[in-house]
S.K.: 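Okay, here's the structure, questions in a sec.
Note that these values count all heavy atoms, side chains included, but never hydrogens, waters or copies made by symmetry. Chain identifiers are assigned alphabetically (A, B, ...) following the order of the sequence lines, protein sequences preceding nucleic acid strands; residue numbering begins at 1 within each chain.
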There are 2 protein chains.
Amino acid sequence: MPDKTYTISALAKEFGITTRTIRFYEEKSMISPMREGQKRLYSPADRARIKLILRGKRIGMTLQESVDVIDMYDPEHNNADQLHALINVVKQRRENLRQQKKDIDDMLAGLDEVQSLCEQALATGTTDNPTLTPNPNPNKADRKPL
Amino acid sequence: MPDKTYTISALAKEFGITTRTIRFYEEKSMISPMREGQKRLYSPADRARIKLILRGKRIGMTLQESVDVIDMYDPEHNNADQLHALINVVKQRRENLRQQKKDIDDMLAGLDEVQSLCEQALATGTTDNPTLTPNPNPNKADRKPL
DNA sequence: ACTTAAGTTTACGTTAACGTAAACGTCAAT
DNA sequence: ATTGACGTTTACGTTAACGTAAACTTAAGT
């Protein structure tokens with residue numbers, strides 16, 4: 001059954017997005033589902049595209065960037081000139097991802113630290129809050145150390 | 001010399017952002033540099049904040065989310081109640097990051113594949129572009145397989 | 001004294017990525 | 001036949017994250 005299809009709401013539910021979002025992606029020519037009469041019918045390929053888009057979003061790519069990545073799989077752009085350009089894009093993208101992984105690891109290290117501080121503060125029962133901070137919203141102009 | 005300071009343009013240059021961006025962060029109370037007369041003067045702590053903000057951005061966090069992370073380092077919010085809440089936030093954030101790393105690894109695997117395809121296509125000299133695609137901008141309504 | 005560089009505030013403009021609502025079609029079930 | 005559940009198009013609204021420009025001020029160099 002290699003020609004399975006999906007309804008718009010099924011995909012929306014599966015991916016935790018709204019139907020509006022899916023139609024929006026279509027407006028942007030990121031997907032082009034078939035029609036059965038008036039209804040949209042999504043192929044596994046369409047579904048895969050959405051998956052790539054969402055994956056891209058999670059790591060901070062714009063929709064256009066996701067499209068660029070998806071287009072890499074598109075045999076249309078495969079003349080020799082563009083293939084070299086594409087390889088460079090891949091290289092660049094790879095470098096971005098490497099940086100992102102470093103950022104994430106740094107963040108995780110930071111979280112470790114924060115968590116330690118929390119647990120430590122809880123253990124020693126250090127509740128230091130003398131004035132009960134009566135100031136509801138002091139414009140937040142007062143920042144703290146680090 | 002633990003009280004080094006930075007000018008706005010120095011930081012802008014260092015981080016590859018504009019001064020407008022830095023002032024924008026200040027508008028949002030994300031940083032609060034001192035003033036020397038009218039000029040802003042940034043402390044190492046301010047600089048660290050900007051670093052965290054930019055790191056967050058690179059992995060797709062919103063500015064507010066970055067602020068949330070930064071606030072974890074802020075001893076102000078440390079009463080016992082909030083400490084537990086904070087630990088949960090940390091936990092959740094950790095899970096997000098784990099997912100992001102997976103996304104990145106998946107992307108990297110995809111890039112490997114694309115690159116292989118490129119090099120393979122170049123090797124065999126498969127230049128298939130028969131009609132020279134005369135169509136300037138066919139509304140892009142025609143999508144491709146995957 | 002003049003220019004140049006860097007900084008300032010205020011305000012309006014812009015782009016991406018949807019949300020929300022109106023107004024309507026379709027089909028199965030009661 | 002009507003009520004939902006689900007779908008559709010069209011269009012205007014919204015938020016985040018700045019960009020851009022105007023119209024200064026201040027400090028430093030020549």
S.K.: Scan nucleotides 17-23 of chain D against the protein and return all N/O pairs shorter than 3.5 Å with their distances rounded to 0.1 Å.
M.R.:
{"residue": "D:dA17", "atom": "OP1", "partner": "B:L63", "partner atom": "N", "Å": "2.8"}
{"residue": "D:dC18", "atom": "OP1", "partner": "B:K57", "partner atom": "NZ", "Å": "2.9"}
{"residue": "D:dC18", "atom": "OP2", "partner": "B:Y25", "partner atom": "OH", "Å": "3.0"}
{"residue": "D:dC18", "atom": "OP2", "partner": "B:K57", "partner atom": "NZ", "Å": "3.1"}
{"residue": "D:dG19", "atom": "OP2", "partner": "B:T18", "partner atom": "OG1", "Å": "2.9"}
{"residue": "D:dG19", "atom": "OP2", "partner": "B:T21", "partner atom": "OG1", "Å": "3.2"}
{"residue": "D:dG19", "atom": "N7", "partner": "B:R20", "partner atom": "NE", "Å": "3.4"}
{"residue": "D:dG19", "atom": "O6", "partner": "B:R20", "partner atom": "NH2", "Å": "3.1"}
{"residue": "D:dT20", "atom": "O4", "partner": "B:R20", "partner atom": "NE", "Å": "3.0"}

S.K.: Grab the OH-P distance between B:Y42 and C:dA6 for me, whole Å please.
M.R.: 16 Å
S.K.: For residues B:N88 and B:Q92, is any side-chain donor paired with an opposing acceptor at under 3.5 Å?
M.R.: no
S.K.: Whole-Å distance between C:dT8 C1' and B:I8 CD1?
M.R.: 9 Å
S.K.: Over how many whole Å does the gap from A:E36 atom CD to D:dC6 atom P extend?
M.R.: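 Between P of D:dC6 and CD of A:E36: 17 Å.
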S.K.: Provide, to the nearest angstrom, the distance between the CE atom belonging to A:M34 and the P atom belonging to D:dG7.
M.R.: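 Roughly 15 Å, once rounded to whole Å.
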S.K.: Judged by atom type as modelled, is there a donor-acceptor pair below 3.5 Å linking the side chain of A:Q99 to the main-chain atoms of A:N96?
M.R.: no
S.K.: Any side-chain N or O of B:T7 less than 4.0 Å from the OP1 or OP2 oxygen of C:dG7?
M.R.: yes
S.K.: Between A:E27 and A:K39, name the one whose nearest nucleotide on DNA chain D is closer to the 5' end.
M.R.: A:K39
S.K.: Is A:K13 close enough and on-axis enough to A:F15, meaning under 6.0 Å and within 45°, for cation-pi?
M.R.: no
S.K.: Rounded to the nearest Å, what distance is computed from the CD atom of residue A:Q38 to the C1' atom of nucleotide D:dT10?
M.R.: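 Computing the A:Q38:CD to D:dT10:C1' distance gives 13 Å.
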S.K.: Considering only NZ, NE, NH1 and NH2 on the basic side and carboxylate oxygens on the acidic side, decide whether B:D105 and B:K101 come within less than 4.0 Å.
M.R.: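 Looking at B:K101 together with B:D105, the answer is no, because their closest N to O distance does not fall below 4.0 Å.
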S.K.: So does A:I17 get a backbone contact from the side chain of A:T21, meaning a donor-acceptor N/O pair under 3.5 Å?
M.R.: no
S.K.: What's the CD-P distance between A:E26 and D:dG7, to the nearest Å?
M.R.: 14 Å
S.K.: With sugar-phosphate meaning primed atoms plus P, OP1 and OP2, does B:R40 contact a base, only sugar-phosphate, or nothing at under 4.0 Å between heavy atoms?
M.R.: sugar-phosphate
S.K.: When the distance from OH of B:Y6 to P of C:dG7 is rounded to whole Å, what number comes out?
M.R.: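 The distance from OH of B:Y6 to P of C:dG7 comes to 16 Å, rounded to the nearest Å.
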